[in-house]
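Notes follow once the structure below has been shown.
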Amino acid sequence: MTELPVQDTSPTFLGMPSFQRAAAGALADTQQRRNLAHATATIRAKRAAAVGEVEGWEDLRLAGAAAKDEALHHLPDYLEQLEANLTARGATVHWARDAAEANQVVVDLARAKGADEVVKVKSMATQEIELNEALEAAGIAAWETDLAELIVQLGEDRPSHILVPAIHRNRAEIREIFARRMGAVGRAAPADLTDEPERLAEAARLHLREKFLRARVAVSGANFAVADTGTLVVVESEGNGRMCLTLPETLITVVGIEKVLPTFADLATMLQLLPRSSTGERMNPYTSMWTGVTPSDGPQEVHVVLLDNGRSRVLADEVGREALRCIRCSACLNVCPVYERTGGHAYGSVYPGPIGAVLNPLLRGTSSEVDQSLPFASSLCGACFEACPVRIDIPSLLVRLRSQVVDEANGRSAEAASMKAAAWVFGDHRRLEASQRAATLGGRLLGGRTLRSLPGLGAWTQARDLPTPPTETFRQWWARTRGDGPATGGDRPAGHGDRPASGGEPHTPEEGP
Amino acid sequence: MSSRDEILARLRAATADVTTRPGERGPVPIIAATSESAQATLTLFVETVTDYRASVVRCRPEQVGAEVAAALVRGRAHTVLVPSGLDPAWVERARDAGLRVRPDEDDEGRPLSADQLDGIDAVVTAARVAVATTGTIVLDHAPDQGRRALTLVPDHHVCVVRAEQVVHDVPDAVALLDPARPLTWISGPSATSDIELNRVEGVHGPRTLDVVVVD
Ligand code: SF4
């Protein structure tokens with residue numbers, strides 16, 4: 001079979017340094033680390049409570065994974081069914097092989113409506129294709145309407161978290177951004193704006209309402225696209241999604257082809273898994289479902305852009321395709337000890353955290369420095385798998401990608417890259433411990449076969465021909481046989497497969513500011 | 001080759017190893033909490049709605065008008081929007097209390113514009129179904145609920161739910177819904193946690209949600 005095309009790495013991230021070098025900068029930023037630590041700890045606790053309430057949680061995870069696998073394994077059939085149902089309900093379906101094609105479709109549609117602006121709901125797919133930049137280049141303003149996206153856009157910044165893209169900004173910074181920038185692009189912030197969250201939200205409400213009421217074209221993503229009915233689903237909190245999906249005359253929804261669900265009944269599973277995993281709520285404030293055009297209710301012109309952009313390549317990887325199950329809940333980010341310290345920017349993509357470390361090299365290939373380094377941006381502790389509502393085995397996928405990177409690299413360059421990784425790993429004693437635990441897990445996965453690469457160290461260890469690591473580190477052995485507590489770092493030595501389902505606690509102690 | 005045909009060809013090639021047929025997994029498993037009794041479900045619904053800081057009251061059918069009026073007065077509403085299919089008895093008391101109750105039409109009988117809706121304080125609707133485990137009400141925008149914009153632009157939503165519409169868990173609701181209709185699932189008032197993860201009620205949707213449960 002011919003190689004399927006990789007996703008172009010966007011110019012924003014093309015020159016991105018390796019994860020380790022980018023992370024070094026983030027680690028030095030105490031403000032960001034403090035914000036992130038607070039945020040991830042808060043969401044972790046909420047998620048644990050919301051998941052703990054559901055007796056059949058493990059059954060739901062299995063059903064969620066099965067629904068996505070069914071869709072992915074028969075993706076062409078389900079996409080054709082989706083297209084037929086959408087068309088029958090008055091929607092127009094467009095197909096886009098890559099980012100450039102998708103952007104062109106949206107730009108052409110907006111132009112045909114004579115629009116010089118569009119309102120947008122947060123969507124990772126449109127971030128991935130850099131639609132805002134494409135619209136801007138065509139003279140069309142794209143207004144982000146999620147509070148966090150607004151903060152990011154006004155701050156001329158990049159999002160750092162799937163769910164809370166402005167997690168790296170505290171309230172004082174947000175007040176400053178609103179006061180300084182809102183007036184330039186619309187209704188200014190009130191002169192007496194304080195940094196109370198209520199006042200900041202009110203300023204955003206007033207600023208954006210003006211835009212919602214006059215907008216004629218909206219652009220959204222979708223969390224799910226149901227093949228057997230043609231229903232699209234957007235899950236949100238603030239109501240900006242409902243505004244965009246309801247008020248404008250024209251609605252354009254950009255949907256990654258992996259968002260397909262086989263049947264409407266599968267939503268019963270997904271609507272239990274997603275909110276509890278992502279925001280730790282029983283249900284998010286608003287979920288909108290629409291099926292094509294409804295006469296005299298909402299947009300009368302409905303377009304759907306089905307986006308490939310590297311996904312078919314991931315699907316062709318019989319093991320790696322599991323990553324396409326991802327429903328972008330961000331639970332894996334919040335339990336990740338590496339993410340908690342480095343933040344999202346170091347991942348060099350709109351998909352950060354553990355899933356980003358897997359998905360980006362799969363989507364984009366491993367030719368850039370950042371994509372080569374991403375599989376090493378993990379301690380392989382296994383918390384991400386335990387948290388994942390659709391059971392993506394991220395640690396195993398990372399191990400596989402590591403050996404692929406090492407296989408592809410030759411001589412010096414591989415060694416140079418892994419030396420940088422080593423410097424980063426050893427920059428902090430906790431990371432060394434994490435790496436040792438990870439090496440143990442690597443030993444388990446390899447089942448005693450020769451070690452290809454020590455997790456976190458890459459080809460460097462291969463070059464030194466290290467013996468296969470023991471299934472226990474010395475520290476873990478000491479803790480088990482002599483110590484009266486768990487090994488340093490608070491976790492027992494175990495592969496992720498046999499960790500208790502309640503996993504998801506951080507693996508290193510919270511760091512004080 | 002068109003983009004469509006090329007993408008489908010890529011996907012067929014990518015899944016060439018798959019040996020199962022579509023649908024072979026069988027019916028979707030229903031994983032849902034079960035209810036001890038209809039009363040237990042109702043009690044749970046009231047608790048979970050309250051957890052979202054929405055206000056919820058239970059009343060008998062003849063008290064609905066009074067409860068709706070009380071909620072509107074509490075919210076200091078002056079103008080109230082009423083979808084065409086709403087039971088007129090539900091807003092009678094509000095009218096008596098001096099509130100301006102108006103339908104979704106302007107002087108020429110056209111549906112109100114978004115700007116006009118923005119000048120209205122509150123809306124009263126029915127619901128299609130409600131979910132106890134999650135404290136959710138689902139609208140399918142039938143005539144007693146109105147088109148989607150009505151329950152979005154005004155800042156205060158009073159929603160009347162009949163006891164028999166409250167189901168126990170999410171799958172029970174999904175089974176009752178008609179995917180051909182637009183559907184809005186509402187769990188508490190609009191909220192954001194984007195500022196240092198503090199939950200702030202009310203960004204763009206109605207900042208006040210009152211639920212009246214009738215049994
Ligand atoms: S990989 Fe799993 S846990 Fe991570 S964002 Fe995707 S669905 Fe959520």
Side-chain angles (χ1 to χ4, degrees), chain A residues 1 4 39 42 55-56 59-60 63 66 70 73-77 95-97 101 147-148 164 166 170-171 174 197-198 200-201 204-205 213 229 231 237-240 242-243 246-247 263-268 271-272 282-291 294 297-298 308 312 315-316 318, chain B residues 2-4 6-8 10-18 20 22-23 25 28-33 48 52 111 114-115 118 131 133-136 141 147-149 152 170-171 174-175 179-198 200 202-205:
Chain A
M1 196 183 95
L4 293 170
T42 307
E55 226 174 82
D59 292 335
L60 280 171
E70 169 72 17
H73 291 168
H74 307 286
L75 197 52
D77 298 306
W95 300 72
R97 282 173 287 207
E101 261 185 16
L147 183 50
V164 257
N170 65 18
R171 61 174 82 184
I174 295 168
E198 289 76 13
L200 295 171
R205 178 182 174 99
L213 294 177
T229 58
T231 306
S237 293
E238 294 169 13
N240 61 308
R242 290 177 69 194
M243 289 279 177
T246 307
L247 297 184
T263 70
F264 194 76
D266 287 309
L267 287 175
L271 290 182
Q272 294 184 77
R282 295 181 178 122
M283 192 62 88
N284 50 290
Y286 298 134
T287 296
S288 297
M289 304 181 180
W290 72 102
T291 305
T294 304
D297 186 348
D308 181 344
S312 52
L315 189 67
E318 289 176 30
Chain B
S2 71
S3 302
R4 174 186 190 275
E6 186 176 333
I7 291 170
L8 287 172
R10 283 178 188 174
L11 296 176
R12 296 218 184 274
T15 52
D17 62 298
V18 173
T20 55
R25 67 171 171 155
V28 175
I30 310 285
I31 300 151
T48 51
Y52 293 124
D115 277 318
D118 197 32
V131 186
T133 53
T134 60
T136 304
H141 304 283
R147 63 196 169 100
R148 284 172 281 176
L152 175 61
V170 174
V174 170
R181 303 197 62 88
L183 301 167
T184 307
W185 296 54
I186 299 172
S187 308
S190 127
T192 182
S193 300
D194 281 341
I195 303 163
E196 295 179 9
L197 298 184
N198 289 301
V200 180
V203 193
H204 303 297

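Reckoned from all heavy atoms, side chains included, excluding hydrogens, waters and symmetry mates. We name chains A, B, ... by the order of the sequence lines, and we start the count at 1 in each one.
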Residue B/Val203 versus chain A: region with a heavy atom under 4.5 Å: both
Tell me if a side-chain donor or acceptor on A/Thr291 pairs with a main-chain N or O of B/Pro179 at a distance below 3.5 Å. yes
I'd like to verify something: which residue of B/Arg4, B/Arg181, B/Arg147 has the highest number of heavy-atom pairs under 4.5 Å with chain A? B/Arg4
If we ignore hydrogens and angles and just use 3.5 Å, is the side chain of A/Asp297 paired with the main-chain N or O of B/Arg148 as donor and acceptor? yes
How many angstroms lie between CG in A/Asn284 and OG1 in B/Thr136, if you round to the nearest 0.5 Å? 8.0 Å
So how far is it from A/Asp59 CG to B/Ile31 CD1, rounded to the nearest 0.5 Å? 5.0 Å
Quick check for you: to the nearest 0.5 Å, what is the distance between A/Thr246 atom OG1 and B/His141 atom NE2? 7.5 Å
Proximity breakdown for B/Pro22 and chain A, heavy-atom pairs closer than 4.5 Å: both
As an exercise: rank A/His74, A/Arg282, A/Glu198 by heavy-atom pairs under 4.5 Å with chain B and give me the winner. A/His74
Supply the atom-to-atom distance A/Asp77 CG to B/Arg12 CZ, rounded to the nearest 0.5 angstrom. 5.0 Å
Only pairs of heavy atoms separated by less than 4.5 Å count here; which of B/Ala114, B/Pro29, B/Gly188, B/Pro182 has the most with chain A? B/Pro182
What part of A/Glu101 gets within 4.5 angstrom of chain B, counting heavy atoms only: side chain, backbone, both, or neither? side chain
Under 4.5 Å between any side-chain heavy atoms of B/Thr133 and A/Gln272, yes or no? no
Name the member of A/Thr263, A/Asn240, A/Leu75, A/Thr231 that forms the most heavy-atom pairs with chain B at distances under 4.5 Å. A/Asn240
Heavy-atom nearest pair, A/Ser312 first then B/Ala14, reads O-CB, 3.6 Å
For the interface with chain A, which of B/Thr48, B/Ile30, B/Leu11 has the highest count of heavy-atom pairs at distances below 4.5 Å? B/Leu11
Apply the test side chain to side chain contact (heavy atoms under 4.5 Å, CB included) to residues B/Thr15 and A/His73: give CA-CA distance (whole Å), side-chain angles for both, the deciding distance (0.1 Å), then the verdict. CA-CA 6 Å; B/Thr15 52; A/His73 291 168; 5.7 Å; no
As an exercise, state the distance from CG of A/Asp308 to CD of B/Glu6, rounded to the nearest 0.5 Å. 8.5 Å
So which part of A/Leu247 gets closer than 4.5 Å to some heavy atom of chain B, the side chain, the backbone, both or neither? side chain
Among B/Pro189, B/Ala180, B/Ala32, single out the residue with the greatest number of heavy-atom pairs under 4.5 Å to chain A. B/Ala180
Does any heavy atom of chain A fall under 4.5 Å from the side chain of B/Thr184, the backbone, both, or neither of them? both
Contacting moiety of B/Ala149, where chain A heavy atoms sit under 4.5 Å: both
Going by heavy atoms in the side chains, are B/Leu152 and A/Met243 under 4.5 Å from each other? yes
Using atom types as modelled and distance alone, determine if a side-chain donor or acceptor of A/Arg205 lies under 3.5 Å from a backbone N or O of B/Gly205. yes
Got a donor-acceptor contact below 3.5 angstrom from the B/Tyr52 side chain to the A/Pro285 backbone? no
How many angstroms lie between CD in A/Glu70 and CZ in B/Arg25, if you round to the nearest 0.5 Å? 5.0 Å
